Protein chains: 4
Amino acid sequence: MSPHNRAHNAGEERSSDRRKPVQARSKATVEAILTATAQILERSGPEAATTKAIAARAGVSVGSLYQYFGSRDELIDALAHRHVDAMRKVLSEALAELISLPLEAAIPRLMTALIASHRVNPRLDHVLHQLTPISDTAILDDFQDFAATITTTALRTHPDTDLDDPELVGSILAQAVSGVLRTTLRRFPERLGDPALERLLADLVLGLLGRQGSATRGAGSTTAL
Amino acid sequence: MSPHNRAHNAGEERSSDRRKPVQARSKATVEAILTATAQILERSGPEAATTKAIAARAGVSVGSLYQYFGSRDELIDALAHRHVDAMRKVLSEALAELISLPLEAAIPRLMTALIASHRVNPRLDHVLHQLTPISDTAILDDFQDFAATITTTALRTHPDTDLDDPELVGSILAQAVSGVLRTTLRRFPERLGDPALERLLADLVLGLLGRQGSATRGAGSTTAL
Amino acid sequence: MSPHNRAHNAGEERSSDRRKPVQARSKATVEAILTATAQILERSGPEAATTKAIAARAGVSVGSLYQYFGSRDELIDALAHRHVDAMRKVLSEALAELISLPLEAAIPRLMTALIASHRVNPRLDHVLHQLTPISDTAILDDFQDFAATITTTALRTHPDTDLDDPELVGSILAQAVSGVLRTTLRRFPERLGDPALERLLADLVLGLLGRQGSATRGAGSTTAL
Amino acid sequence: MSPHNRAHNAGEERSSDRRKPVQARSKATVEAILTATAQILERSGPEAATTKAIAARAGVSVGSLYQYFGSRDELIDALAHRHVDAMRKVLSEALAELISLPLEAAIPRLMTALIASHRVNPRLDHVLHQLTPISDTAILDDFQDFAATITTTALRTHPDTDLDDPELVGSILAQAVSGVLRTTLRRFPERLGDPALERLLADLVLGLLGRQGSATRGAGSTTAL
DNA sequence: AATGAATGAGCCTTCATTCAT
DNA sequence: CATGAATGAAGGCTCATTCAT
């Protein structure tokens, strides 16, 4: 996601072997900068996120921004990582219990978890997606890949589904759900409270599985799941 | 998305004197500018689409650009409209025959049509999505609304589905399919040729319908739901 | 002479196809910019020659500066070329008559011409020399090479000198004279009027020749020269 | 060369109490900083010599740098002094023996000494010349003045020359030699080893003297010199 | 109408200098 | 004394927009 990357000099304050009080201070500054960037991005879009504006909102000087981030791009990059990590964390938390459940129960939970993860910061998510260049493999794709992997794994794990290409199906499902969620969050945020959405998404997934996998065979897939 | 709206070709052809060639020339110039913009956008992204670059590629002067478009934003706006129109047109062409088909046949066709419409200019599509300002209800959403309406209509028209909220279902389906297609076009363009994708999408839709609408007919899907 | 050249983005007009001053207006602008640059450089040194300061003094906007010069470095480069050309022109004018003269008369004239050429713009000359990076073959060196060539040619042409390595001698002489002139112009400008300087320089050159070439042989080198 | 001139080490060791070890450490730090500056300047030029880079290479903090030098300019100023001192020292060492020699022998030795002094640190020398502000009488000029004085003294001392204006001649000769050496060091460093250079320079000087001073005494000036 | 030179606000980034720790 | 995070003025450069020709 970070296009330009001119190596400036040898300064590498990345590792955590700096002194402690200073580190605490630094961490706060970094945090302030990231938060400020996120807020501006959410509220006013990429064009408004100038280094000056970010520094001002973070309550620091432009110079400080460059103390911790090599460039504006790098900063946004870091923010994207942070955002994806947060989403991933939310999603991960819902994973443990999924394995033990039958598909018919697991999928709805997965949807709930996906919705939750997409709620972390929808506006930022949207803006970050806008910033994704065409060709670059964006950091944000990582999340979708993660969701795809989880879905695929779920499909594979549960013995009652028998798909030709679980990877493809998992990927498509992740894309479909992500498409619904991102649009919904941006355009129809009020629908998020509606439990119908969760059900609809679960049906979307289960419906596809029912048509793809062996689940079609026999009425009683329920038992297995 | 665009404020200015000067009526350019408001003058009618009350007399077919030399006004015509002039208008023809204007139209050609507008066309050239739009095309140039689209090409630069596709190939090099939003940052490369400066007014200077656009004018150069269109073979006109910057001044001329401002003769026909009030601002750069307006120009891009116009291009977005043009793009959406093209996509809509492709989709529309597939509509007529849908009505007369049963759902199981109509949906696959609809998917084919949707894929086709998304293929009109995927790179431009992506870039235009990037350019959409945060607050504005994007022009590009129009296409999704259109797709949603079509789907909803299809669901309503076909007597064999009985949904509680066809609008919601249509909308969600449009979002899901759009999500899949846009991601696929950007990240896995090679999948577009794969007929498996079409089938998968059709199954996605029909699967949801099978679980939502025609629950009555199914063997025991009710249980599961 | 232009060291740093960071490629910023995909803008294709690097420095190759910058507008060449074709029109009268353009030419005047270019002239104003070059003159302004020279003035600032002369009076306040390289650090003062910011793009803003140059534009202001030239009575144009920064943008105009970049219309004609790809970068600040390129501008200074152009100025250096112009300066060297001017110096070279002054020197060249004195050349024609040199050939027909005996060495003893030619060298003083050459010195006069060199002094004249160094007087074109001593302060600018000094600043431009300061700007010369260590390794780069600077444009200003061209002038010294020119002077060296002329001297060498003079030595070769005149039949009464017989040097082992006329090139080396010519080069050293050019450097010596240039060293004297540049220092004198910077530190003791009042000496320039003094005809003693010219004589001294001529003696410097002739003295070396007298010790190097065959002129040493026989006391009467005067005749030949 | 530098504006700020706060007396930093104005405190002399009036009392040799515990100040000493501290002073020793200070001296080492100052040395480290100066050396670091010199190295960066030599290798990467003026633009690379940022306070941060200097401090890093010296193994101290930026703050410490300001402990010992009032500003970056002052630091460079100090370095220039140190450099000139070093050059002067090398030149001085060759002086003692000069007096007792006849001119014809003394001058070549002087040339050798001058070459040696210019070899102390040619790259640093060049960069320091670049850094010399326009208006200031540069510290580096001190060296040339020193060389001029020495030459003048030599001319005066030796009874066999009889110049009208030994000061002028000495100055011009110093300038000429310096011009040759500095250019040679920058552009033709390989010539430095060549003994021809030394001979040429000696001939340059002796040639001028032969034409100026003893010109009265007919052709046989050689003997005297 | 067309042209493209001119404008200048504003962007990103650097770096000498200060100061709390 | 040392440290290095923080500062912010200032620099180079871009580009949408205007306007005289």
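Remember, predicted model here, so these are calculated numbers, not experimental data. Reminder, nothing fancy here: chain letters follow the sequence lines and each chain counts from 1. The basis for the numbers below is simple: all heavy atoms, side chains too, and nothing from hydrogens, waters or symmetry mates.
For the OP1/OP2 pair of F:dC1 and a distance below 4.0 Å, the side-chain nitrogens and oxygens of D:Gln67 include no atom meeting the criterion. Neither OP1 nor OP2 of E:dA5 sits under 4.0 Å from any side-chain N or O of C:Ser64. Regarding contacts with the backbone of E:dA5, every side-chain N or O of C:Thr29 stays at 4.0 angstrom or more from both OP1 and OP2. Residue B:Tyr66 has no polar side-chain atom (N or O) positioned under 4.0 Å from OP1 or OP2 of E:dA1.
Pair check for E:dA1 finds none; no Watson-Crick or G-U wobble contact set falls under 3.5 Å. In this structure, F:dT7 and E:dA16 make a Watson-Crick or G-U wobble pair, each of the two defining distances being under 3.5 angstrom.
Rounded to an integer number of Å, the gap from A:Leu65 CG to E:dC11 P is 14 Å. Here F:dT3 presents its C1' atom at 13 Å from NZ of D:Lys52, a figure rounded to the nearest Å. In this structure, D:Asp73 places its CG atom 12 Å from C1' of E:dT17, rounding to the nearest Å. Atom CD of A:Glu74 and atom P of E:dT13 are 9 Å apart (whole Å). Atom CZ in A:Arg72 sits about 5 Å away from atom P in E:dC12, given to the nearest Å. If you take CD1 of D:Ile76 and P of E:dC15, they are 13 Å apart, rounded to a whole angstrom. Separating the CG atom of B:Leu75 from the P atom of F:dT17 is a distance of 10 Å, rounded to the nearest angstrom. One interatomic measurement links the two molecules: CD1 of B:Ile54 to P of F:dT17, which rounds to 11 Å at whole-angstrom precision.
Exactly one residue among C:Leu34, C:Val30, C:Leu75 makes a side chain to side chain contact (heavy atoms under 4.5 Å, CB included) with C:Tyr68. That residue is C:Val30.
In this structure, C:Ile76 CD1 and C:Glu74 CD are separated by 11.5 Å, a value rounded to the nearest 0.5 Å. Note: B:Leu41 CG to B:Glu47 CD = 11.5 Å, rounded to the nearest 0.5 Å. Atom-to-atom distance recorded for D:Leu65:CG and D:Lys52:NZ is 13.5 Å, nearest 0.5 angstrom. How far CG of A:Leu140 is from NE2 of A:His129: 4.5 Å, rounded to the nearest 0.5 Å. To the nearest 0.5 Å, atom CZ of residue C:Arg57 and atom OG1 of residue C:Thr37 are 10.0 Å apart.
Side-chain atoms of B:Tyr68 lie closest to E:dA1 of the nucleotides F:dC13, E:dA1, F:dC1. Closest approach to the D:Val60 side chain among E:dT7, F:dT3, F:dT7 is made by F:dT3 (side chain taken as heavy atoms from C-beta onward).
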Q.
Using the rule given for side-chain hydrogen bond (donor to acceptor under 3.5 Å, both in side chains), can you reason through D:Thr35 versus D:Arg82, listing the C-alpha separation, both sets of side-chain angles and the distance that settles it, and then say yes or no?
A. CA-CA 10 Å; D:Thr35 303; D:Arg82 193 209 205 198; 3.3 Å; yes
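Where A:Ser61 and C:Thr50 meet DNA chain F, the nucleotide closest to each residue was compared, and A:Ser61 sits on the side nearer the 5' end. Ranked by how close their nearest DNA chain E nucleotide is to the 5' end, A:Val62 and C:Gly63 are led by C:Gly63. Between D:Thr51 and A:Glu47, the residue anchored closer to the 5' end of DNA chain E is A:Glu47, taking for each the nucleotide with the nearest heavy atom.
Within residues 30-43 of chain B, no residue has a heavy atom under 4.0 Å from DNA chain E.
Taking the side-chain contact (heavy atoms from CB on, under 4.5 Å) definition, one finds that A:Ala58 meets it with A:Ala32, A:Ile33, A:Ala36, A:Val60, sequence neighbours left out.
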